Amino acid sequence: MDKNSKGEVLLTALRRGFAAAAEARKNKGGAVLQQKAIIFTESRRTQDYLYRVLERTEFAGKTVLFNGSNADTRSTEIYQRWLAKHAGTDRISNSPSANRRAALVEYFRDEAAIMVATEAAAEGINLQFCNLVVNYDLPWNPQRVEQRIGRCHRYGQKFDVVVVNFLNKANAADVRVYQLLDEKFQLFNGVFGASDEVLGSVESGVDFEKRIVGIYQKCRTPEQIAFEFDSLQKDLETEIGEGQKEAREKLLNNFDHEVVEKVRIQSHKVLSRFNEQLWFLTRFILAEEASFDENQYSFMLHKNPFPDEPIHPGPYRLGREVADANLYRVGHPIARKVIEKAAALESPPAHLDFDYAGSGKNIAILQPLLGLSGYLVLAKLTLESLEQAEDHLVFAACTDGGGILDDEQSRRLFLLPATVCEAMEEGTAPESLSEDLKRACDVLMTTLAARNSSYFDGERRKLDAWADDQISNAEKALRDTKLRIRDLRNEAGKAASLADQGRILEEIAASEKKLRKLRQEIFDVEDEIGAKRDRLVGDLRAKLGQSEAIEILFKIRWSLGAFRLRP
C-alpha cells in the first residue's frame with residue numbers, strides 16, 4: 001500500500017472513529033462532546049508525514065505534534081503563547097521540557113482536534129478529554145499498548161474511548177500479534193477490565209516483545225510463523241491462567257466481600273449474593289436427592305424430588321456461560337419448587353454459631369461483632385392494598401451488651417456458614433427486641449410511603465405535562481383552522497369567476513367540518529385526561545388504604561467466632 005493510500009485509510013479511520021465515539025456517547029444519554037483523537041506512531045518521520053496529510057484535509061489547523069523534543073516551529077509558537085498566558089502563575093515550573101508538554105496538552109484540549117504523537121506521549125500526560133486512540137503503528141509490547149490507551153481511558157472516565165488499530169492483514173505474523181494482543185491480553189475490551197489482570201500475571205512486556213522479534217527473524221514461511229505463534233500462545237494461556245487464579249484468590253482474601261460483589265470478578269469461588277443463597281438453599285433441600293459439585297456449582301439428580309413435575313436428571317449448573325449442563329437459575333422449575341418447599345419449613349428458635357474465619361470471606365461490617373453474641377428476629381412485613389401485596393423482610397438484632405445491629409449487619413450474618421448449637425427457649429430474647437422490630441417496621445413503612453409519594457408526584461407531573469401538550473396542540477389546530485376559514489371567506493369575496501368562488505366555498509365547507517371535528521376532539525382529550533386522573537387518584541387511594549401485617553419468621557440466638565481472617 002503506497003503512502004497516499006495509507007493517508008486515505010487514516011482519514012477514513014478518523015472519520016469513522018469520531019462517528020463511533022459520538023454514537024457511543026449518544027447511546028449513553030450524553031451530549032455529543034468535542035471530538036478529540038490521538039494518533040500514535042513509532043517514528044518522527046511517520047509523524048511528519050501524517051501531519052502533512054492532515055493539513056491538506058478538513059483537519060488543517062487543528063493538528064498538533066507531540067514528541068521527545070517538541071521543538072518544531074508550531075510547537076514553539078504554542079509554547080510561547082502558553083508562557084504569556086500563564087505568566088506569574090504556578091502553572092509554569094522550573095522545567096522547560098515539562099512546560100512544553102503541558103502547553104501542547106492544553107492546546108490539544110482547548111483548540112486542536114488531533115494530536116499526532118510518538119511514544120513520548122504514552123506516559124506522564126492525562127488525555128482524559130480525548131475519546132479516540134489510533135495506533136497507526138501498533139507496538140508488539142502489550143504494556144506499551146496499555147500505556148497508550150491509558151492516556152485517555154482512565155479512572156473516572158465519563159465517555160467511551162474508541163481504539164482504532166492499523167494492521168497489515170497480508171502479513172501473517174502481524175495478524176497473529178494482533179490476535180494475541182486482542183484475544184489473550186484483552187487490551188481492547190477495557191483498560192480497567194480484564195487486561196489489568198492479564199498484564200499483571202504475564203511475563204515482562206519486554207520479554208514478550210523479544211519473543212515476537214525472534215519469530216520475525218527466524219520464520220520465513222506461513223507454516224513456521226503459525227507453529228511458533230501456536231507455541232507462544234500455548235505458553236501464554238498457561239501463564240495467564242495461573243496468574244489470574246492467584247490474583248483472584250488474593251482479591252478474595254484481602255478485599256471486603258461487598259467490594260468483591262461489586263466488581264463481579266469471574267472466580268470459581270465467587271457467586272453473586274443472590275445465586276450463592278440459591279445454591280445453599282438447593283443444596284440443603286435436595287441433599288437426599290442429588291449429588292453436588294462445590295467447585296463447579298453443579299449438581300446431578302438421583303431421583304425426581306418433585307414427582308408432579310417432569311424434571312430432567314441433570315446436570316444443572318449455576319452461572320452465566322453454561323454450555324455443558326442445564327442452566328440453573330431462580331426461574332427454573334426445580335428452583336421454584338425448592339423455594340416453595342423451603343418457605344414451608346418450620347424455623348423453631350435456635351442458637352446459631354456463625355463461622356467467620358471458615359467462611360473464606362472478608363466482611364468488614366461484621367468485624368466489630370467478632371467474639372460477641374446476642375439475639376436476632378426476622379419478620380415479614382406485608383403491605384396489602386386492593387390490587388396487590390408487597391412483602392419485605394425486616395431484621396431486628398442486638399448484642400448481649402445492648403448494642404444494636406443495623407439491617408446490613410443482620411443480613412450479612414447470613415452470608416456465613418453456621419452451626420446449630422442448641423435449641424433456644426421461648427422468652428429468652430429481650431423484650432426490647434420486639435420494640436426494635438416494631439421501630440424497624442415503622443422506619444421501612446415511612447421509607448415506602450416517601451417512595452410512593454415521590455412516585456405519585458412524578459406521575460402527576462407527567463400527566464399534567466401530557467394534558468397541557470394535548471390541549472395546547474388541539475387548541476392550536478382549532479385556531480389555525482379558524483384563521484384558514486377567515487382567509488378563505490376573504491378570498492371568496494374577491495374571486496374573479498364563479499368557478500373560483502365555487503372551489504373556495506367547497507374548501508370553506510371542508511374546513512368548517514374539520515373545525516367541528518377538532519372541537520369534538522378537545523372534548524375527547526379532556527375526557528381522556530379526566531379518566532387518567534381518576535385512575536391515578538384510585539391508585540393513590542388504594543395505597544393510602546393499604547393494611548400491614550407482621551409475621552415473625554424466626555428468632556435466633558447468635559454468636560460470632562472471634563477468629564479474624566488471615567491476610
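For the single chain, residues carry numbers from 1 onward in sequence order. Everything numeric in this text was worked out from a predicted model, so none of it was measured. Note: hydrogens, waters and symmetry copies are ignored here, and every other heavy atom, side chains too, is used.
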S.K.: Assess whether side-chain contact (heavy atoms from CB on, under 4.5 Å) is satisfied between L132 and I38, documenting all intermediate values.
M.R.: CA-CA 6 Å; L132 177 60; I38 182 168; over 6 Å; no
S.K.: Do the side chains of R329 and Y316 get nearer than 4.5 Å, heavy atoms only?
M.R.: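 No, side chains not in contact.
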S.K.: Give the intermediate values and the outcome of salt bridge (Lys or Arg N to Asp or Glu O under 4.0 Å) for residues E408 and R412.
M.R.: CA-CA 6 Å; E408 192 62 24; R412 287 186 173 269; 2.9 Å; yes
S.K.: Can you give me the closest heavy-atom contact between R336 and V330, atom names plus distance?
M.R.: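 Of all heavy-atom pairs spanning R336 and V330, the closest is CG-O, 3.8 Å.
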S.K.: Please say whether more than 12 non-hydrogen atoms of neighbouring residues, nucleotides or ligands are located less than 6.0 Å from CZ in F284.
M.R.: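 Result for CZ/F284: open.
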S.K.: Can R283 be said to sit on top of F292's aromatic six-ring, NZ or CZ under 6.0 Å from centre and within 45° of the ring axis?
M.R.: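 No - R283 does not lie over the ring of F292 by the 6.0 Å and 45° rule.
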S.K.: So, N126 and R151: side-chain donor and acceptor under 3.5 Å apart, yes or no?
M.R.: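 Checked: N126/R151 side chains show no N/O donor-acceptor pair below 3.5 Å.
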S.K.: Got a second to check how far L553's CG is from F395's CZ, nearest 0.5 Å?
M.R.: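 Reported to 0.5 Å precision, the distance equals 9.0 Å.
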S.K.: Is there side-chain contact between P430 and Y375, with at least one heavy-atom pair below 4.5 Å?
M.R.: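 Yes, side chains in contact.
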S.K.: Are the side chain of E551 and the backbone N or O of L381 linked by a donor-acceptor pair below 3.5 Å?
M.R.: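 No: the side chain of E551 does not pair with the backbone of L381.
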S.K.: Is the shortest heavy-atom distance from the side chain of L416 to the side chain of I363 under 4.5 Å?
M.R.: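 Contact flag for L416/I363 side chains = yes.
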S.K.: After noting the C-alpha distance and the side-chain angles of K303 and E288, does the key distance pass the salt bridge (Lys or Arg N to Asp or Glu O under 4.0 Å) rule?
M.R.: CA-CA 9 Å; K303 62 179 180 179; E288 303 297 326; over 6 Å; no
S.K.: Can R439 and D442 be said to form a salt bridge (Lys or Arg N to Asp or Glu O under 4.0 Å), step by step?
M.R.: CA-CA 5 Å; R439 189 159 42 246; D442 290 342; over 6 Å; no
S.K.: Verify whether one side chain among T419 and D353 offers a donor that lies under 3.5 Å from an acceptor in the other.
M.R.: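 No.
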S.K.: So, for L378 and L376, which heavy atoms are closest and what is the spacing to 0.1 Å?
M.R.: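 Shortest heavy-atom contact: N-CD2, 4.2 Å.
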S.K.: Could you check whether any side-chain heavy atom of H86 comes within less than 4.5 Å of a side-chain heavy atom of E106, counting everything from C-beta outward?
M.R.: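 Result yes, sub-4.5 Å side-chain heavy-atom pair found.
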S.K.: Do L405 and L369 come within less than 4.5 Å of each other through their side chains, counting heavy atoms only?
M.R.: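 Sidechains of L369 and L405: in contact.
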S.K.: State the OG-CG distance between S559 and D355, to the nearest 0.5 angstrom.
M.R.: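 Answer rounded to 0.5 Å: 10.5 Å.
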S.K.: State, with a plain yes or no, whether a side-chain heavy atom of L352 is found less than 4.5 Å away from one of C421.
M.R.: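 Sidechains of C421 and L352: no contact.
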S.K.: State, yes or no, whether a side-chain contact exists between N131 and V162 at a heavy-atom distance under 4.5 Å.
M.R.: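 Contact flag for N131/V162 side chains = no.
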S.K.: Apply salt bridge (Lys or Arg N to Asp or Glu O under 4.0 Å) to residues K337 and D308 and explain how you reach the verdict.
M.R.: CA-CA 10 Å; K337 287 290 186 179; D308 56 328; 3.0 Å; yes
S.K.: So, for C398 and I404, which heavy atoms are closest and what is the spacing to 0.1 Å?
M.R.: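 For C398 versus I404, the nearest heavy atoms are CB-CD1, 4.3 Å.
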S.K.: Report the C-alpha distance between L286 and V338 in whole Å, list the side-chain angles of each, state the deciding distance to 0.1 Å, and finish with yes or no for side-chain contact (heavy atoms from CB on, under 4.5 Å).
M.R.: CA-CA 8 Å; L286 301 182; V338 163; 4.1 Å; yes
S.K.: For the atom pair CZ (F108) and CE (M115), what is the distance rounded to the nearest 0.5 Å?
M.R.: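 F108 atom CZ to M115 atom CE measures 5.5 Å (nearest 0.5 Å).
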S.K.: With the side chain counted from C-beta on, respond yes when L278 and Y297 share a heavy-atom pair under 4.5 Å apart, and no when they do not.
M.R.: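 A side-chain contact under 4.5 Å is absent here.
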S.K.: Quick check for you: to the nearest 0.5 Å, what is the distance between K380 atom NZ and F554 atom CZ?
M.R.: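 K380 NZ to F554 CZ: 13.0 Å, rounded to 0.5 Å.
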S.K.: Once the angle between the rings of H332 and Y328 is folded into 0 to 90°, is it parallel (under 30°), tilted (30 to 60°) or perpendicular (over 60°)?
M.R.: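 Ring orientation, 0 to 90° scale: tilted.
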S.K.: Which pair of non-hydrogen atoms, one from F306 and one from I334, has the smallest distance, and what is that distance?
M.R.: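 Looks like CE1-O, 4.1 Å.
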S.K.: Measuring from atom CG of L560 to atom OH of Y356, what distance do you get when rounded to the nearest 0.5 angstrom?
M.R.: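 Atom-to-atom, L560:CG and Y356:OH are 8.0 Å apart.
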S.K.: Would you confirm whether N99, through its side chain, and S93, through its main-chain N or O, come within 3.5 Å as a donor-acceptor pair?
M.R.: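 Yes; at least one donor-acceptor contact below 3.5 Å.
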S.K.: Say you draw a straight line from SG of C152 to CD of Q128; how long is it, rounded to the nearest 0.5 Å?
M.R.: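 Result: 9.5 Å between the selected atoms.
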S.K.: How close do F129 and V105 get, heavy atom to heavy atom, and via which atoms?
M.R.: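 Shortest heavy-atom contact: CZ-O, 3.9 Å.
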S.K.: Applying side-chain contact (heavy atoms from CB on, under 4.5 Å), run through I552 and V377 and close with a yes or a no.
M.R.: CA-CA 7 Å; I552 303 297; V377 59; 3.8 Å; yes
S.K.: If you take all heavy atoms of P368 and A364, which pair is closest and at what distance?
M.R.: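 Result for this residue pair: CD-O, 3.5 Å.
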S.K.: Please step through side-chain contact (heavy atoms from CB on, under 4.5 Å) for the pair H392 and M445, ending with a clear verdict.
M.R.: CA-CA 10 Å; H392 301 271; M445 285 189 287; over 6 Å; no
